[in-house]
> 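Let me give you the structure first, and then I'll get to my questions.
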Amino acid sequence: MEMRFALLFLFFFQVTFPMVSQKPDRPNVLVIIFDDAGLDMGAYGSTYVRTPGFDAIAEEGILFNRAYTPNAKCAPSRASIITGRNSWQLDAAANHVIYFPPKFKTYQEVLLEHGYVTGHTGKGYAPAVTKTAYGDDREVVGPAYNELKLVPPTSSISTNDYSANFKAFLEAAPKDRPWSFWVGSLEPHRGYEYGSGKRLGGKTEDMIKNFPPYWPDNEVTRNDLLDYAFEIETMDAHIQKIMEALKDAGELENTLVIVTSDHGMPFPRVKGDQYENANHVPMAILWKEKTKVGGRKVDDYVSFIDLAPTILEAAGVDWRSSGMHPSPGKSLMPLITSEKSGQLDPDRDFVLVGKERHDTGRPNDVGYPIRGIHKDNFLYVRNYEIDRWPKGNPETGYLNTDGSPTKTEILNLRRRGDAHYWKMNFGKRVAEELYDIEKDPFCIDNLAADLAFAAKKEALKAEMESQLRDQGDLRMMGYGPIYEQAPFVNGRNFYSDFMAGKRPKAGWVNDGDFEPYLLDGDGNELRPVPIEGGY
């Protein structure tokens, strides 16, 4: 039904808008987004993930070495892509699982108004509800093409045949119109079929050469990574088919192709956090008509807020008259059309990151507000509510960390008396953090209290706060709690319902993630959780 509706929509659009300028004037736009994949691509030197599809795009086009999402959670990250605004500039959309504010237009909606045919397959902007100001359904990334299915290699991988659905869109699109399509995979989002990386991917634990020091290094955690790798490779195979379909259709030369991921891997201390591996994302861009010199590597700091300005400029749409809200992002077109590698624009020397409220599970549905800045290979982080649990309350299962074998290993170690890894992943934090990313990419050694780095810390803090004030960040004005007043689509009052013994559902974590004892910030057990009716 979805595809039939989309085909009718394309016919209606072609008949209704005959006066719009023709396709040869403007490029097609193809955005491909992994769901929860970090820099684990062959082009970045991964030793245990093979990604020939992504790597080929980087080899023919541009590999971005410093691409960041402003917010390392699905919905707020994607909101930045489609609007060109940081999450703290998006009202309710600063958060996860919310009602998207009708006042914010998206680049796909603007392209539709300017003669483009739009569509998407898989995961678009989600999880959230998108309605118009009048309460009508609103598809912010175009109509869905999800009808074609496949038999996945594991039970955890989507049945959506992303590449076939893209090809169906491509075949149905009017040949005299430019198009813009969004391919949103559901991989490598949790969960995984344990052991699939070894059984189906032919992988071994010793392929992982740079194991994160904030997890226990054992067979379970390494297999968890191998399963994650297999899901990335499954989606990468679709990328190869998508690019082949573009080539066969004669559309490759004049298509702006952007491949990235919404944030880092769905593992503890990454997804939903604001450390280096959480926000640093893979990104490769190819526009064969413009990227005359392939294989370039760009070191400029770039952000997801730069993508919508890039797309609209490529399409010849003036941002100021588009109806889009102002964006602090800058078009990447000068980087795309350059023939150089390295640092190209001296003004692209920082990116801002941050978060408000992600998942439910805290008293009064509050979040864990953070702001940060990446600059000069340093990361400065400001935690604003350090009395709260950064990953969610232990008694409600640390709901801002997906359930996984790695999470279970860390929680069980603490329960057996070893809280070392638990403190790094789930323990309470100090107000300020500073990391030398070049020397400490895993953000282990906090330099914020080191007098040798006092000047660096204060300079980064001052620049971050100045930029945030200029962008209208409510937290800089003392009104941060306003962000937390946006209602959840679902999961409201989870904490109070849980403590009342109602057992609300949290299907993205494991039953064993819920702690039966109240804990202090160092992981010491204080007393049993006082649930009405017993635990």
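Heads up: numbering here begins at 1 and tracks the sequence.
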> Below 4.5 Å, heavy atoms only, C-beta onward: do W319 and S331 meet side chain to side chain?
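No, side chains not in contact.
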> Using the side chain to side chain donor-acceptor pair (under 3.5 Å) definition, which of the options D36, D273, D35 pairs with H263?
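So the option named by the test is D36.
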> Side chains of H325 and Q89: does their closest heavy-atom pair fall under 4.5 Å?
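Side chain of H325 against side chain of Q89, heavy atoms only: no contact under 4.5 Å found.
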> So does R475 pair up with D473, basic N to acidic O under 4.0 Å?
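No.
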> So is K456 actually on top of F378's ring, under 6.0 Å and inside 45° of the axis?
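Yes.
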> So which of D345, D306, T310 actually passes side chain to side chain donor-acceptor pair (under 3.5 Å) with K330?
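Testing K330 for a side chain to side chain donor-acceptor pair (under 3.5 Å) against D345, D306, T310 leaves exactly one candidate, D345.
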> Please work out which of the three classes, parallel, tilted or perpendicular, describes the rings of H374 and Y68, given edges at 30° and 60°.
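Geometry flag for H374 against Y68: tilted rings.
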> Any salt bridge between R371 and E356, counting N to O under 4.0 Å?
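Yes, this pair counts.
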> Looking at Y125, is R78 sitting on its ring face, NZ or CZ under 6.0 Å from the six-membered ring centre and within 45 degrees of the normal?
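No, a cation-pi geometry is absent between R78 and Y125.
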> Would you say the side chain of I32 lies within less than 4.5 Å of the side chain of F166, judging by non-hydrogen atoms?
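Answer no - side chains too far apart.
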> Measuring only between side-chain heavy atoms, which start at C-beta, is Y495 closer than 4.5 Å to E395?
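The answer is yes, as the side chains (C-beta and beyond) meet within the 4.5 Å cut-off.
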> Might you point out which heavy atoms bring Y162 and M235 nearest each other, and give the distance in Å?
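For Y162 versus M235, the nearest heavy atoms are CD1-SD, 3.7 Å.
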> Report the residues that fulfil salt bridge (Lys or Arg N to Asp or Glu O under 4.0 Å) with E109, sequence neighbours left out, ordered by chain and then residue number.
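Testing E109 for salt bridge (Lys or Arg N to Asp or Glu O under 4.0 Å), a comparison that skips the adjacent residues, returns R138.
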> Could you please spell out the steps behind the salt bridge (Lys or Arg N to Asp or Glu O under 4.0 Å) verdict for K103 and D91?
CA-CA 10 Å; K103 70 180 184 180; D91 299 347; 2.8 Å; yes
> Who pairs with K428 by salt bridge (Lys or Arg N to Asp or Glu O under 4.0 Å), at least two apart in sequence or on another chain?
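By the salt bridge (Lys or Arg N to Asp or Glu O under 4.0 Å) rule, K428 matches no residue at all.
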> Salt bridge or not between R388 and E484? Use side-chain N to carboxylate O under 4.0 Å.
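Between E484 and R388 there is a salt bridge, with a charged N closer than 4.0 Å to a carboxylate O.
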> Closer than 4.0 angstrom, basic N to acidic O: yes or no for D137 and K131?
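The answer is yes: the pair qualifies as a salt bridge.
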> Just so I know, are the side chains of W88 and Q471 near enough to count as touching, which here means a heavy-atom distance under 4.5 Å?
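Answer yes - side chains close enough.
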> Pick out which of D262, D402, N400 makes a side chain to side chain donor-acceptor pair (under 3.5 Å) with K271.
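Among D262, D402, N400, the one that satisfies the side chain to side chain donor-acceptor pair (under 3.5 Å) with K271 is D402.
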> Do any pairs count as a side-chain hydrogen bond (donor to acceptor under 3.5 Å, both in side chains) and have a residue in residues 457-468, sequence neighbours left out, and if so which ones?
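Sorted pair list: K375-E463, E432-K457.
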